[in-house]
Amino acid sequence: MSYLMCVLLLGLVLGLVAVASNPSPYFAAMGLVVVAGVGCGVLVGTGGCFLSLVLFLIYLGGMLVVFAYSAAMAAEPFPEGWGSWPTLRLVGGYLVGVAVARGLLGKNWYEEDWSGFDSILGLTVLRGDVGGVSLMYSSGGWLLMGGGWVLLLTLFVVLELTRGLGRGALRAV
Amino acid sequence: MTPLIYSTLIISLGIGTTLTFASTHWYLAWMGIEINTLAIIPLMTQSHSPRATEATTKYFFAQATASATLLFAATSNAFFTGSWDILQTNNPLTYTLMTLALAMKIGLAPLHSWMPEVMQGLTLLTGLILSTWQKLAPFCLIYQIQPHSPNLFMALGLLSIVAGGWGGFNQVQLRKILAYSSIAHLGWMVLILSFSPPLTLVAFSTYLMMTFSLFYSFMMTKTTHINSLSTSWAKIPTLTALTPLILLSLGGLPPLTGFLPKWMILQELTKQDLALVAVLAALFSLFSLYFYLRLSYAMTLTMPPNNPAGTLPWRLNPSHNTLPP
């Protein structure tokens, strides 16, 4: 279990390096998919199974899919992967940064110092965050409505920004 | 923009600030700040020009970075102290991080570089909302952080007074001048925060009133450059006579109201045995006074060359109302 968490966390850091090294959006989207998937695994390991499910569905299955389609529409003839020199230099730089951070902070960031959602050992269905979900619908009702309002507001904001085609705020100039 | 969307965005601006003011939990306060950021984005792109879009993008990047840092600091605080209460920020790492994140939100030096460029790309009305309303919610949070030492606040404050004064020195665009003036005034407010919070509120409320008046007088004469300001004296002669008073009040000259916060802040600093800080703050405010004086020189005290028709606008019927547009 601990080994699995180590592998997942390693995948998280490598995915971060892969995305931040600025490749083409195709490859960056793949890096994001890997990071999201691995991050969901980390969440399950620390007891947030519902949150992990929601993340997979909405983030990976909703937003990243839309992003991948948008990236496919903005095709470029020579996409830069992680083998091209500028990206490779950034990958090297970030790996050095990770090593430096490990040297500076490595002492207290092991898995046993993490505080998860609960202290159940093992992967069961009902973990720590399911209680929080039910609270969100009962005594946290006002916050749920506030969160819903913010999402609706974001929708209006995005629609207003992208309205107008060639005469709107966002256009090819 | 359709009236329905416009009113939704304005109401959301109100909701966001109210939420931050009313909250004791860091999540809710952060949520209010995010609502404010989101709601003002389409208001900033209203003029649909590339410059406005550029200003909006820069504003979004700066505010998103600051919000993410604030959320991280709040979560770290919950991890270390076990409490999400805004008044329970005991850990030095977290309250420093929170202070810096909120300083970036309101545009204190050295995190102020987004302010002039963002203000330059906006209409005067949107710039007014950015300078006044958008400062309320983060300022409410800064007010409630209780650090153990006044060093960070004093450093931010003094740097902001210097950056605001020195940066505005060579500007001719009025919106950039207003941005630098905002940076300098926020510096004065934050300087005295750890010694006497009521003085911070005095400085903030006088700043709000003065900046609102100045923005609004520029809106009435529709001027955005010193050149157009210098030929605008004939448009509304009463305004031409009164604007220097607003400008000198911003510069902090007695007997105008703008002198009051500066006087009290200097007095409090000397009582705390920080005479050097007081002297430095007062001296660097002279830079701000210079460009305020330059504005009143251009507008009222001199009459730059113009054609004779330029002396007649006051005779025509006003094309504006005196209430806000």
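Letters go in sequence order (proteins before strands), and every chain restarts at 1. Quick caveat: nothing in here was measured; it's all calculated off a predicted structure.
Within the 4.5 Å cutoff, no side-chain heavy atoms of Phe156(A) are placed close to those of Pro42(B).
Among Ile15(B), Thr53(B), Leu9(B), the residue with the largest count of heavy-atom pairs under 4.5 Å with chain A is Thr53(B). Looking only at heavy-atom pairs under 4.5 Å with chain A, the residue among Thr2(B), Leu19(B), Thr56(B) that has the most is Thr2(B).
Contacts of Leu38(B) with chain A are made by both backbone and side-chain atoms, with heavy-atom separations under 4.5 Å.
For the atom pair CD (Glu160(A)) and OG1 (Thr45(B)), the distance works out to 7.0 Å, reported to the nearest 0.5 Å. Taken to the nearest 0.5 Å, the NE2 atom of His48(B) stands 9.5 Å off from the CG atom of Leu161(A).
Among the residues in residues 51-67 of chain A, none has a non-hydrogen atom closer than 4.5 angstrom to a non-hydrogen atom of chain B. Contacts between residues 27-35 of chain B and chain A, defined by a heavy-atom separation under 4.5 Å, are made by Leu28(B), Met31(B), Ile35(B).
Across all their heavy atoms, Leu153(A) and Ser12(B) have their closest contact at CD1-OG, 3.2 Å.
Residue-environment remark: CG (Leu151(A)) exceeds the threshold of 12 foreign heavy atoms within 6.0 Å. No more than 12 heavy atoms of other residues, nucleotides or ligands lie within 6.0 Å of CZ in Phe50(A), so this atom counts as exposed by the packing criterion. At most 12 heavy atoms of other shown residues, nucleotides or ligands fall within 6.0 angstrom of atom CZ in Phe60(B).
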